[in-house]
Amino acid sequence: MLFAVTMDVALPQDMESDLRADTLAREKAYSQDLQRAGEWVSIWRCVGQYSNLSIFDVRDNERLHEILWNLPLFPFMTIQVTPLAQHPSDIAAG
Ligand SMILES: O=C(O)C[C@H]1C=CC(=O)O1
């Protein structure tokens, strides 16, 4: 199942710098592991915002929830999920 997910990040201004660096490093490793596994298909920076637009390909809603819930940055994110269906004009779909 394909999903488009927008993640808006808002880190606290007074977040301690070591905690901030550790959280961002864990987020990057977590994301890249899922990209290598094929579940996190792509990630794009939204221009001019501390936000990303990502595509996930996961078995079901529960798996996407698990992935998002376990993001190290989850407590500092506002997340919007859009389930995707095939478009009838998509030439790649045949
Ligand atoms: O910077 C972001 O968009 C937040 C986050 C999501 C994955 C990742 O590596 O960083």
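Atoms within a ligand are numbered from 1 in the order they appear, just like the ligands themselves. Small disclaimer: the values here were computed from a predicted structure and weren't measured. No hydrogens, no waters, no symmetry mates; every other heavy atom, side chains included, goes into these values.
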- Identify, with sequence neighbours excluded, every residue that meets salt bridge (charged side-chain N to carboxylate O under 4.0 Å, His left out) alongside Arg20.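 Residues passing salt bridge (charged side-chain N to carboxylate O under 4.0 Å, His left out) with Arg20: none at all.
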Within the structure, is a non-hydrogen atom of [X] found at a distance of less than 4.0 Å from ligand 1?
| X | result |
| --- | --- |
| Tyr50 | yes |
| Arg45 | yes |
| Trp40 | yes |
| Ile43 | yes |

- Message: Taking 4.0 Å as the limit for heavy-atom contacts, which would you say applies to Leu73 with ligand 1: side chain only, backbone only, both, or neither?
- Response: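 Only the side chain of Leu73 comes within reach of ligand 1.
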- Item | Heavy-atom nearest neighbour in the protein, as seen from atom 8 (C) of ligand 1, with distance rounded to 0.1 Å |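 In this structure, atom 8 (C) of ligand 1 has Glu27 CG, 3.5 Å as its nearest protein heavy atom.
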- Message: Using a strict threshold of under 4.0 Å (side-chain N to carboxylate O), is an ion pair present between Glu39 and Arg63?
- Response: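 Salt bridge flag = yes for Glu39 with Arg63.
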- Message: Do Ser31 and Trp40 pair up side chain to side chain, a donor and an acceptor below 3.5 Å, judged on atom types alone?
- Response: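 No pair is found: no donor N or O on one side chain lies under 3.5 Å from an acceptor on the other.
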- Message: Going by side-chain contact (heavy atoms from CB on, under 4.5 Å), Leu34 matches just one of Ile67, Val58, Val41, Ile43. Which one?
- Response: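 Among Ile67, Val58, Val41, Ile43, the one meeting side-chain contact (heavy atoms from CB on, under 4.5 Å) with Leu34 is Ile67.
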- Query: Polar-atom distance check: Ser51 versus ligand 1, any N or O pair below 3.5 Å?
  - Reply: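 No - when backbone and side-chain N and O of Ser51 are compared with those of ligand 1, no distance drops under 3.5 Å.
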- Report the distance from atom CZ of Phe74 to atom CE of Met7, rounding to the nearest 0.5 Å.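 Between atom CZ of Phe74 and atom CE of Met7 there are 10.5 Å.
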- Smallest separation among heavy atoms of Ser51 and Arg45, with atom names: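 Answer, listing the atom of Ser51 first, then Arg45: O-NH1, 3.1 Å.
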